[in-house]
Amino acid sequence: MTVLVGILLAGGLSRRYGSPKAFAELEGELFYERAYNALAAVCDDVVIISRPELMERFSSDAEVVTDLDWIEGQGPLAGILSGMVAKRADKYFVLPCDMPYVGPAETARLLDLADNASDITALWNTVGKIPLFSIWDKRVKEQLQQELEAGQFRVMKFMEKVATEWIDSSEIHEEPLVFRNVNQPDDQMRGWQNGH
Ligand SMILES: Nc1nc2c(ncn2[C@@H]2O[C@H](COP(=O)(O)OP(=O)(O)OP(=O)(O)O)[C@@H](O)[C@H]2O)c(=O)[nH]1
């Protein structure tokens with residue numbers, strides 16, 4: 001049986017947003033709760049990777065860890081490796097806390113579409129690539145560690161080095177804005193609302 005663990009990235013500084021995005025709200029739920037539910041619907045287990053000063057703010061029911069010391073706060077790749085070290089799995093479903101429009105239907109669909117043979121499966125659409133809504137095979141862990149040890153923290157650069165499958169987001173949801181990430185408060189309000 002393939003063990004799938006969800007890695008919920010919530011360790012950024014949210015400088016553009018102005019307050020920790022994990023605890024921003026949409027439809028009466030915190031962003032991190034929405035991401036957690038989207039992952040929990042399809043994963044055997046979920047771990048939140050955050051910052052020391054935020055740990056207390058998450059539900060005590062959730063498992064929360066910090067980045068590994070030597071890469072603390074070094075960006076999403078640091079969070080992904082920290083999640084892989086915290087939890088043994090065959091595959092990891094990565095989701096950032098700032099994509100609050102993604103729900104269980106979208107995570108389930110990506111899991112269905114992923115080809116299983118690739119190192120990473122992620123999305124793209126006309127707006128651009130969406131690297132952090134993605135499924136990572138455990139086999140990339142060693143290479144990821146080496147890259148971080150060498151000071152290479154760029155997500156896209158890493159994804160270009162391994163076998164990454166890019167799936168058109170319209171195969172998951174026809175509305176590209178479902179996959180937007182919220183970087184500043186305005187992003188939440190702009191454009192598509194339509195019941196969301
Ligand atoms: N665990 C962990 N997660 C991170 C780290 N940096 C960013 N993230 C997460 O990765 C996702 C994308 O982060 P960004 O929006 O690029 O960065 P941010 O720090 O949250 O926001 P800015 O300060 O405005 O750039 C979010 O879910 C962040 O919480 C990190 O160093 N460690």
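In listed order, ligands and their atoms are each counted from 1.
- The ring pair (Phe, Tyr, Trp, His ring centres under 6.0 Å) check on Y32 picks up F23, F58, with sequence neighbours excluded.
- Residue C97 touches ligand 1 through backbone and side chain together, judged by heavy-atom distances below 4.0 Å.
- Contacts between I49 and ligand 1 below 4.0 angstrom, taking non-hydrogen atoms only, involve backbone and side chain alike.
- Distance alone, capped at 3.5 Å, places no donor-acceptor pair between the T121 side chain and the A114 backbone.
- Among all non-hydrogen protein atoms, the one lying nearest atom 6 (N) of ligand 1 is G75 CA, 3.4 Å.
- In terms of protein heavy atoms, atom 10 (O) of ligand 1 is closest to P76 CG, 3.7 Å.
- When each of T126, L123, V127 is tested with S169 by the rule side chain to side chain contact (heavy atoms under 4.5 Å, CB included), just one qualifies, namely L123.
- For atom 11 (C) of ligand 1, the closest non-hydrogen atom of the protein is P96 CB, 3.8 Å.
- The backbone of Q74, and not its side chain, has at least one atom closer than 4.0 Å to an atom of ligand 1 (non-hydrogen atoms only; backbone = N, CA, C, O).
- For ligand 1 and G79, the ligand atoms under 4.0 Å from any heavy atom of the residue are 1 (N), 2 (C).
- Taking atom 13 (O) of ligand 1 as the reference point, the nearest protein heavy-atom neighbour is D98 OD2, 4.3 Å.
- Interatomic distance, OG of S118 versus CD1 of I167, reported as 8.0 Å (0.5 Å rounding).
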Next item on the list: Start with the C-alpha distance between T164 and W166, add both sets of side-chain angles, then the distance that settles side chain to side chain donor-acceptor pair (under 3.5 Å), and finish with yes or no.
Entry: CA-CA 6 Å; T164 301; W166 293 98; 5.1 Å; no
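- Close approach of ligand 1 to G73 is summarised as follows: ligand atoms under 4.0 Å from at least one heavy atom of the residue are 31 (O).
- In this comparison of R15, R16, E72, the heavy atom closest to atom 17 (O) of ligand 1 sits on R16.
- Summarising the local packing, CG of D69 is surrounded by 12 or fewer heavy atoms from other residues, nucleotides or ligands at distances under 6.0 Å.
- When hydrogens are left out, the protein atom nearest atom 19 (O) of ligand 1 is L13 N, 2.7 Å; that is the closest non-hydrogen contact.
- Under the 4.0 Å criterion applied to side-chain N and carboxylate O atoms, E63 and K87 are assigned as salt-bridge partners.
- Protein heavy atom nearest atom 32 (N) of ligand 1, with residue, atom name and distance: D67 OD2, 2.8 Å.
- Across the listed options S14, G12, G11, S14 owns the non-hydrogen atom lying nearest to atom 21 (O) of ligand 1.
- Closest protein heavy atom to atom 27 (O) of ligand 1: L9 O, 2.8 Å.
- Summarising the local packing, CZ of R139 is surrounded by more than 12 heavy atoms from other residues, nucleotides or ligands at distances under 6.0 Å.
- Residues in residues 52-62 take part in these side-chain hydrogen bond (donor to acceptor under 3.5 Å, both in side chains) pairs, two or more places apart or across chains: R51-E53.
- Within the listing of ligand 1, atoms 15 (O) sit less than 4.0 angstrom from a heavy atom of N183.
- Nearest non-hydrogen protein atom to atom 15 (O) of ligand 1 is K21 NZ, 2.9 Å.
- Residues E147 and K161 are paired through a salt bridge, judged by an N-O separation under 4.0 Å between the basic side chain and the carboxylate.
- Rounding to the nearest 0.5 Å places NZ of K91 at 12.5 Å from CH2 of W136.
- In summary, the atoms of ligand 1 found under 4.0 Å from a heavy atom of A10, numbered by their order in the structure, are 29 (O).
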